Amino acid sequence: MPKTESQNPPLPKAFDLRKNVVLIAKELLGKLLMTSIDGQTTGGMIVETEAYSYRERGCHAYQGMRTERNKIMFEAGGIAYVYLCYGIHNLFNVVVNENDKADAVLVRALQPVEGEELMKSRMKTSSLKRITSGPGKLTKALGIDRTSNGKNLSSCELWIEDGVTIRKKEIVSAPRIGIDYAGEDAKLPWRFFIKDNEWVSKM
DNA sequence: TAGAGGATTGAT
DNA sequence: TCAATCCTCTAC
């Protein structure tokens with residue numbers, strides 16, 4: 001039987017709009033990112049995130065720069081911001097904060113928990129090894145593309161639910177990847193991942 | 001409207 | 001280390 005909107009769990013507390021995007025990026029670790037496409041469910045535990053705020057240069061919406069691509073970031077939190085990177089990869093972000101405060105959390109890696117066979121099929125591999133260890137890979141494995149842009153994260157096709165609680169001492173912070181253009185802001189330790197987790201990208 | 005560059009990935 | 005690949009943004 002197809003899922004309905006009301007059957008999905010409410011968004012986890014990580015989406016509390018009063019919280020800072022950096023705090024939310026840490027709290028998303030351990031949560032489950034799930035998709036249900038054509039009745040087939042896939043999903044994984046979030047093991048790596050990066051925080052982006054309109055206040056710093058690494059962010060697409062730096063200083064309130066609103067474009068056709070990033071306009072979704074300016075909406076109220078709890079929706080998906082999916083964009084194409086390098087012309088090839090779809091990258092998935094969780095929009096947080098209030099209207100016009102364009103903060104988002106990039107999900108960089110997952111640990112598969114459901115639909116492993118379908119994910120392997122989508123990745124055209126017979127091995128589960130590292131198929132969701134990277135922002136471009138996890139979207140492909142879960143079937144996320146730009147049609148998911150702006151989608152509510154309590155929808156029946158794409159949602160986040162509570163998983164396991166990650167203790168503070170298990171969370172490692174580091175500078176974000178691939179934003180050298182952001183100058184000093186590139187050094188902000190806003191990349192978070194679960195210590196010793198084999199699914200984290202670029203160990 | 002043209003040109004440059006990019007929150008990546010996989011092959012070599 | 002480099003190519004793939006194409007959307008987005010900026011400059012003119």
Side-chain angles (χ1 to χ4, degrees), chain A residues 20-26 28-29 33 44 46-75 77 79-97 101-112 119-151 153 158 160 171-194 197-203:
Chain A
N20 181 283
V21 63
V22 173
L23 192 58
I24 295 174
K26 284 189 266 192
L28 277 172
L29 294 175
L33 173 62
I46 298 170
V47 299
E48 182 180 355
T49 60
E50 285 181 357
Y52 288 88
S53 168
Y54 66 94
R55 299 179 188 85
E56 47 84 22
R57 278 168 287 185
C59 183
H60 289 168
Y62 175 52
Q63 289 186 326
M65 177 77 79
R66 190 191 299 246
T67 66
E68 189 59 29
R69 178 178 66 164
N70 72 10
K71 63 184 180 184
I72 290 297
M73 292 181 75
F74 290 82
E75 303 205 4
I79 60 175
Y81 169 44
V82 183
Y83 73 94
L84 189 68
C85 184
Y86 296 112
I88 306 169
H89 307 289
N90 291 298
L91 270 58
F92 171 82
N93 293 254
V94 177
V95 176
V96 301
N97 218 328
K101 292 184 178 176
D103 289 351
V105 177
L106 170 69
V107 178
R108 288 191 56 90
L110 298 177
Q111 178 174 334
M119 285 193 273
K120 283 192 287 188
S121 164
R122 285 174 177 151
M123 299 301 283
K124 296 183 171 58
T125 177
S126 57
S127 166
L128 197 60
K129 193 178 178 184
R130 304 190 71 75
I131 60 170
T132 50
S133 299
K137 291 198 280 189
L138 73 89
T139 54
K140 190 174 179 185
L142 266 62
I144 296 172
D145 58 25
R146 280 171 297 158
T147 61
S148 301
N149 192 33
K151 195 156 281 186
L153 292 174
L158 176 64
I160 290 177
I171 298 175
V172 181
S173 61
R176 293 166 297 176
I177 291 172
I179 57 164
D180 294 343
Y181 59 85
E184 284 296 306
D185 289 337
K187 297 175 184 172
L188 291 169
W190 285 6
R191 175 182 174 226
F192 304 101
F193 55 92
I194 298 175
N197 187 288
E198 62 176 317
W199 294 92
V200 170
S201 70
K202 291 186 179 178
M203 294 290 283

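Just so we're on the same page: letters track the sequence lines, and every chain starts at 1. Every value quoted in this text rests on a predicted model; they were computed, and no experiment measured them.
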Say you pick atom C1' in C:dC2 and the same atom in B:dG5; how far apart are they, in whole Å?
16 Å

When you measure from the side chain of A:Asn90 to the backbone of A:Lys140, do you find a donor-acceptor pair of N or O atoms at a distance under 3.5 Å?
no

Nearest heavy-atom contact between A:Val200 and A:Arg191 is CG1-NH2, 3.8 Å

Whenever both distances are under 3.5 Å in a Watson-Crick or G-U wobble pair, mark it; put DNA chain C into dot-bracket that way, with [ ] for crossing pairs and | when the partner is on another strand.
||||.||||||.

What are the bounds, 5' to 3', of the part of DNA chain B that sits under 4.0 Å from heavy atoms of chain A?
B:dG6 to B:dG10

Please answer whether the main-chain N or O of A:Ala25 pairs with a side-chain N or O of A:Thr49 as donor and acceptor at a distance below 3.5 Å.
yes

Report the C-alpha distance between A:Ser53 and A:Arg55 in whole Å, list the side-chain angles of each, state the deciding distance to 0.1 Å, and finish with yes or no for side chain to side chain donor-acceptor pair (under 3.5 Å).
CA-CA 5 Å; A:Ser53 168; A:Arg55 299 179 188 85; 3.2 Å; yes

Cationic tip of A:Arg176 within the cone over A:Tyr52's six-membered ring, i.e. under 6.0 Å and within 45° of the normal?
yes

Taking A:Gly58's backbone N and O only, do any of them form a donor-acceptor pair with A:Tyr181's side chain (distance below 3.5 Å, no angle check)?
yes

Annotated protein contacts, base or backbone, on nucleotides 3-12 of chain C with a non-hydrogen cut-off under 4.0 Å, one of B, S, - each
-BBBSSSS--

Check A:Lys137 against A:Ile131 and note the closest heavy-atom contact, atom names and distance.
CB-O, 3.5 Å

Can a donor-acceptor pair be found, under 3.5 Å and without considering hydrogens, that links the side chain of A:Lys26 to the backbone of A:Phe192?
no

On a heavy-atom basis, which atom in A:Phe92 and which in A:Leu106 lie closest, and how many Å separate them?
O-CD1, 3.4 Å

Closest approach of A:Asn70 and A:Ala61, non-hydrogen atoms and distance?
ND2-CA, 3.8 Å

